[in-house]
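Take a look at the structure below.
Order of the sequence lines sets the chain letters (A, B, ...), proteins ahead of strands, with each chain counted from 1.
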2 protein chains.
Amino acid sequence: MSDDTPGTRWLSADERQSWLALSRTLITLPAALDAQLQRDAGLNHFEYVVMAMLSEQPDHALPMSQLSSVVAGSLSRLSNVVKRLEARGYVRRDGHPEDRRVKVAHLEEAGWQALVAAAPGHVEHVRHLVIDAMRPRELAQLRNALLKVLDRVDPEGRSVITEPT
Amino acid sequence: MSDDTPGTRWLSADERQSWLALSRTLITLPAALDAQLQRDAGLNHFEYVVMAMLSEQPDHALPMSQLSSVVAGSLSRLSNVVKRLEARGYVRRDGHPEDRRVKVAHLEEAGWQALVAAAPGHVEHVRHLVIDAMRPRELAQLRNALLKVLDRVDPEGRSVITEPT
DNA sequence: CGGCATTAGTTGCATCTTGAAGTTTCAACC
DNA sequence: GGTTGAAACTTCAAGATGCAACTAATGCCG
């Protein structure tokens, strides 16, 4: 890129390399995750995350908008996904007794089963692609850096992710 | 997740936090990039990357399949995108004189102009979300970790990205 | 109470992506 | 030199996403 716009702070060679690595990861990794899950479990990554987050709630349930924060997706996207999962019998949507605007997504038994069936292969894959690809030290550094990015992307930071120890 | 499958090495708490941070980034950051570029330049991130990579070639041109490696996207996806860019007059596809199977994507003047117009805002945004969000040291660590991931995701490693210095 | 802004969620539409299948060209092999 | 296999692309149908518009319920404020 040319540097004829004095007002813009272009990236240094090092910064550019880092950005390219991240940019490439954003294009490549989701495709790899989707492919494995789709092939082995008939789910895409986002669907998996939605069910996984539900499964970690004490009662396997969460209102739609809270769920959308937890999975970091738009409410619109979540609504579509939950509709699909509901059609497969993986999830149910109940009304909320105290606030009739709220719909509570509830993981069904079949959804739990699908999750349990998909989890080992998925974890295996994640381990292979990320966790086992580097030393614990480097993994911690990765988390540290990504948390700073997430803080910029979503300043509200309703992230469930805790600070590194 | 339950640990009743002895054969699976589940993630430790630390590993899980790191994976969640990455997973969340994969969902969140592309949306942020697309939103800015779409709003300010009428391009999505992938379209931008395609034109940017073309612009960095000596002759502003590259065969489709080589381009698809450089941008790390599938050939099918690239074909669709280039067709759109061609319809806007941003790119042209020429035949290759020595191998008639090959189509060479060529960045047009209008595409170059669009890129030059979009770049400052995009770089600004990338700086804000990633580069300026952390210290140079941490940025280097981020790159180091992501390169290891990329090595697993695409073992062929036709990446143009060089090793950290 | 009556209106007004806000919150929760869904949906329609236009766009994008993917995966499979098809075309054309080249290379290799006997 | 024909056949077979692979490579380079494109295309099409099916599914996924985002945005904006919409409904509906709640909260608030005078």
Side-chain angles (χ1 to χ4, degrees), chain A residues 26-40 42-50 61-88 91-106 156 158, chain B residues 26-40 42-50 61-88 91-106 156 158:
Chain A
L26 294 181
I27 294 177
T28 288
L29 189 49
L33 294 171
D34 279 340
Q36 183 271 327
L37 277 170
Q38 196 71 57
R39 174 166 46 77
D40 297 347
L43 295 169
N44 63 33
H45 183 223
F46 192 70
E47 292 169 335
Y48 180 92
V49 169
V50 166
L62 218 49
M64 292 294 283
S65 47
Q66 289 185 45
L67 185 53
S68 89
S69 312
V70 170
V71 301
S74 72
L75 191 52
S76 164
R77 182 180 188 182
L78 182 66
S79 184
N80 285 311
V81 167
V82 168
K83 196 204 301 185
R84 293 196 308 260
L85 293 176
E86 194 169 33
R88 291 191 233 173
V91 163
R92 161 174 41 97
R93 272 179 292 189
D94 297 338
H96 191 285
E98 293 177 9
D99 186 338
R100 273 178 300 183
R101 292 172 302 179
V102 174
K103 301 288 159 109
V104 179
H106 202 288
E156 314 307 320
R158 345 169 241 197
Chain B
L26 294 181
I27 294 177
T28 289
L29 189 48
L33 294 171
D34 279 340
Q36 184 270 328
L37 277 170
Q38 196 70 58
R39 174 167 45 78
D40 297 346
L43 295 170
N44 64 32
H45 182 222
F46 192 69
E47 291 169 335
Y48 180 92
V49 169
V50 166
L62 219 49
M64 292 294 283
S65 49
Q66 288 186 45
L67 185 54
S68 89
S69 313
V70 171
V71 302
S74 72
L75 191 52
S76 164
R77 182 181 189 182
L78 182 66
S79 183
N80 283 311
V81 167
V82 168
K83 196 206 304 187
R84 294 196 306 261
L85 293 177
E86 195 170 33
R88 292 191 232 172
V91 162
R92 160 174 42 97
R93 272 179 291 189
D94 297 339
H96 190 286
E98 293 176 10
D99 185 339
R100 272 178 301 185
R101 292 173 301 179
V102 174
K103 301 290 161 104
V104 179
H106 202 288
E156 313 308 320
R158 338 168 248 200

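Rounded to whole Å, the distance from CD on E47(B) to P on dT15(C) is 12 Å. Taking atom CZ of residue R93(B) and atom C1' of nucleotide dC9(D), one finds them 9 Å apart after rounding to whole Å. Computed from coordinates, the L43(A) CG to dG15(D) P distance equals 15 Å when rounded to whole Å. A straight line from CZ of R100(A) to C1' of dT10(C) spans 18 Å, rounded to a whole angstrom. The nearest whole Å value for the distance from the CG atom in N44(A) to the P atom in dT18(C) is 12 Å. Spacing between atom CZ of F46(B) and atom C1' of dT17(D) amounts to 17 Å, rounded to whole angstrom units.
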Please write out each protein N/O paired with an N/O of nucleotides 3-8 of chain C under 3.5 Å, distance rounded to 0.1 Å.
{"from": "dT7(C)", "atom 1": "O2", "to": "R101(A)", "atom 2": "NH1", "distance (Å)": "2.8"}

Can you tabulate the close N/O pairs, meaning under 3.5 Å, that link protein atoms to atoms of nucleotides 18-22 of chain D?
{"from": "dC19(D)", "atom 1": "N4", "to": "S76(A)", "atom 2": "OG", "distance (Å)": "2.9"}

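The shortest non-hydrogen separation linking A61(A) to V104(A) is CB-CG1, 3.8 Å. Scanning all heavy atoms of the two residues, the minimum distance from T28(A) to A72(B) falls at OG1-CB, 3.6 Å.
Annotation: the span from E86(B) atom CD to R92(B) atom CZ amounts to 9.5 Å, rounded to 0.5 Å. The line from CG of L67(A) to CG of L75(A) is 9.5 Å long, rounded to the nearest 0.5 Å. Considering NZ of K103(B) and NE2 of H96(B), their distance stands at 12.5 Å, rounded to 0.5 Å.
Defining each end axis of the helix from dC1(C)-dG30(D) to dC30(C)-dG1(D) as the rotation carrying four pairs' C1' atoms onto the next four, with five pairs an end, the two axes are found to diverge by 10° to 10 degrees.
Looking at R84(B) and V50(B), their side chains never come closer than 4.5 Å, going by heavy atoms from C-beta outward. Contact annotation: the side chain of L26(A) approaches that of L26(B) to within less than 4.5 Å [non-hydrogen atoms, C-beta and beyond]. Taking 4.5 Å as the limit, every side-chain heavy atom of R77(B) sits out of range of all side-chain heavy atoms of N80(B).
Comment: E47(B) engages R88(B) in a salt bridge, judged by a side-chain N to carboxylate O separation of less than 4.0 angstrom.
Residue contacts for R39(B): at a heavy-atom cut-off of 4.0 Å it reaches no nucleic acid atom on any strand shown.
Between R84(A) and dG15(D) there is no side-chain polar atom (N or O) within less than 4.0 angstrom of OP1 or OP2. Proximity of K83(A) to the phosphate of dG9(C): no side-chain N or O atom is located under 4.0 Å from OP1 or OP2.
Q36(A) and D40(A) form a side-chain donor-acceptor contact under 3.5 Å, judged by distance and modelled atom types alone.
Closest approach to the S79(B) side chain among dT26(D), dT11(C), dT10(D) is made by dT10(D) (side chain taken as heavy atoms from C-beta onward).
The backbone N or O of S76(B) lies less than 3.5 Å from no partner atom in the side chain of S79(B), so there is not a single donor-acceptor pair.
Between L78(A) and E98(B), the residue anchored closer to the 5' end of DNA chain C is L78(A), taking for each the nucleotide with the nearest heavy atom.
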